[in-house]
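Only one structure is covered here, and it is reproduced in the block below.
All ligand and atom numbering here is 1-based and tracks the order in the structure.
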Amino acid sequence: MIIFNKKFLLMLVAILSLSLVLAACGGDDNEDTGNNEEGQEESENDSGDSGSESASDVEYEEQEWEFVTEELKGQVQYEYAAEFADRIKEKTNGKITVTPYEYGALGSEVDQAQLLQDGGVQMAVMSPGFTGGQVPDGQIFSLHYFFPADPKLTQEVLNTSEALNKDLRAKYEEHSISPLAFWSEGSMAWTSNVGIEKPSDWEGLNMRVQESPLMKKTYDAYGASVQSLSWGELYTALDRETVDAQENPVFFIESASFHEVQDTLTISRHNNYIAMTTVNTEWYNGLGDAEKQLIDETVEEMQSWVFEEQKKQNDAGLEAIKNDSEYDTKIIELTDEQIAEFKKVAEPVHEYYKNEVEGIDPAIYDKLKKEIEEVSGE
Ligand code: 6CS
């Protein structure tokens with residue numbers, strides 16, 4: 001029979017207490033990297049707050065993520081991916097490398113969307129206009145005079161909307177695309193050779209659009225015909241007049257030199273250009289909690305960054321077009337009365353979208369419309 005004397009018992013109690021204290025303080029020495037769910041749970045419990053462990057405290061495994069964009073170096077989407085890459089590199093002490101790709105490196109916008117869906121790349125900046133046939137609900141972004149004209153208010157809707165960030169996201173996820181964030185590249189303007197000031201100015205024009213059947217319906221309503229093209233073919237098409245008009249944010253018009261082959265630019269305030277930060281759904285779902293948190297928090301931080309970036313580029317783009325002495329562009333700014341005429345023609349297309357476009361969920365439309373009204377103070 002083992003007999004403990006009093007001194008031994010006191011020592012045992014002291015050792016046990018000390019080891020309890022050490023265990024409570026020892027979270028940082030834990031070998032779990034946070035790359036698996038258990039590791040993450042432990043660190044969450046240690047801190048009592050799931051968001052408090054900074055990414056640089058986590059020991060990540062070496063990985064490379066490929067990030068395709070639809071734009072070139074210097075343009076907003078590519079700069080977004082490059083900034084995202086820098087932040088991930090810094091937060092993971094270089095363990096995770098994100099490689100941004102310019103438009104064209106891995107195909108057209110449609111090819112890139114397919115590549116993401118197939119898991120050929122992990123991340124993509126994607127414009128909803130190129131998957132309009134596959135995810136009909138994404139065409140909601142092409143309605144004219146639906147979102148607030150002010151990019152700031154539109155960005156607020158994009159940041160806060162449950163209809164978009166939950167319901168529409170689920171629709172994209174049926175196609176292996178997870179949109180983690182929606183952001184504006186700025187207000188779109190129309191360019192043409194005729195000068196668009198009223199809906200009937202569109203009659204007889206051939207308008208370039210993305211791969212979205214609803215875009216055709218909208219420009220049909222104004223009296224134009226439409227043609228789908230990748231933007232890489234657009235300069236030549238405008239120059240040869242196989243298409244007569246196009247829409248884009250001003251920074252993009254200037255940087256793609258569309259103004260060189262078009263006589264007029266109409267500040268129409270008909271819509272904001274929306275892009276989505278997307279990931280392949282199965283890849284993202286298979287990541288550990290630490291990586292998911294790293295991506296989510298970086299994407300969220302970048303919402304304000306990209307808003308400032310597009311603003312800076314759009315302001316500079318407009319100045320450059322105004323000051324271009326070689327290529328003269330007439331700038332037409334629609335008045336409120338002129339905009340009211342366009343709204344009269346465009347608004348029935350909202351109802352058409354809600355009631356007649358096959359495959360869309362009208363509840364997403366209703367919810368989003370309400371959210372827009374709340375943000376706009378209507
Ligand atoms: O017009 C387009 O198709 C292109 N416009 C922008 C602003 N970004 C990429 C997109 O493919």
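Remark: distances from the non-hydrogen atoms of Gln246 to ligand 1 are all 4.0 Å or more. Ligand 1 lies out of reach of Tyr103, whose nearest heavy atom is not under 4.0 Å from it.
Ring geometry for Phe252 against Trp231 counts as perpendicular: the plane angle is over 60°, on a 0 to 90° scale with 30° as the lower cut. Between Tyr219 and Tyr222, the two ring planes are perpendicular [angle over 60°; tilted spans 30° to 60°]. Below 30°, between 30° and 60°, or above 60°: for Trp65 and Trp283 the angle between ring planes is above 60°, a perpendicular geometry. Using cut-offs of 30° and 60° for the angle between ring planes, the Tyr327 and His259 rings count as perpendicular. Aromatic ring pairs are classed by plane angle as parallel below 30°, tilted from 30° to 60° and perpendicular above 60°; the pair Phe146 and His350 is perpendicular.
With hydrogens left out, the protein atom closest to atom 11 (O) of ligand 1 is Glu109 OE2, 3.0 Å, a heavy atom. When hydrogens are left out, the protein atom nearest atom 5 (N) of ligand 1 is Asn248 OD1, 2.9 Å; that is the closest non-hydrogen contact. Among protein heavy atoms, the minimum distance from atom 1 (O) of ligand 1 is reached at Arg208 NH1, 2.7 Å. Tyr273 OH, 3.1 Å is the protein heavy atom nearest to atom 10 (C) of ligand 1.
Of the listed options Gln310, Met126, Glu71, Glu71 places a heavy atom closest to atom 8 (N) of ligand 1.
Of the charged side-chain nitrogens involved, none lies within less than 4.0 Å of a carboxylate oxygen, so that Glu291 and Lys95 do not count as a salt-bridged pair.
With a heavy-atom cut-off of 4.0 Å, Ser230 does not touch ligand 1 at all.
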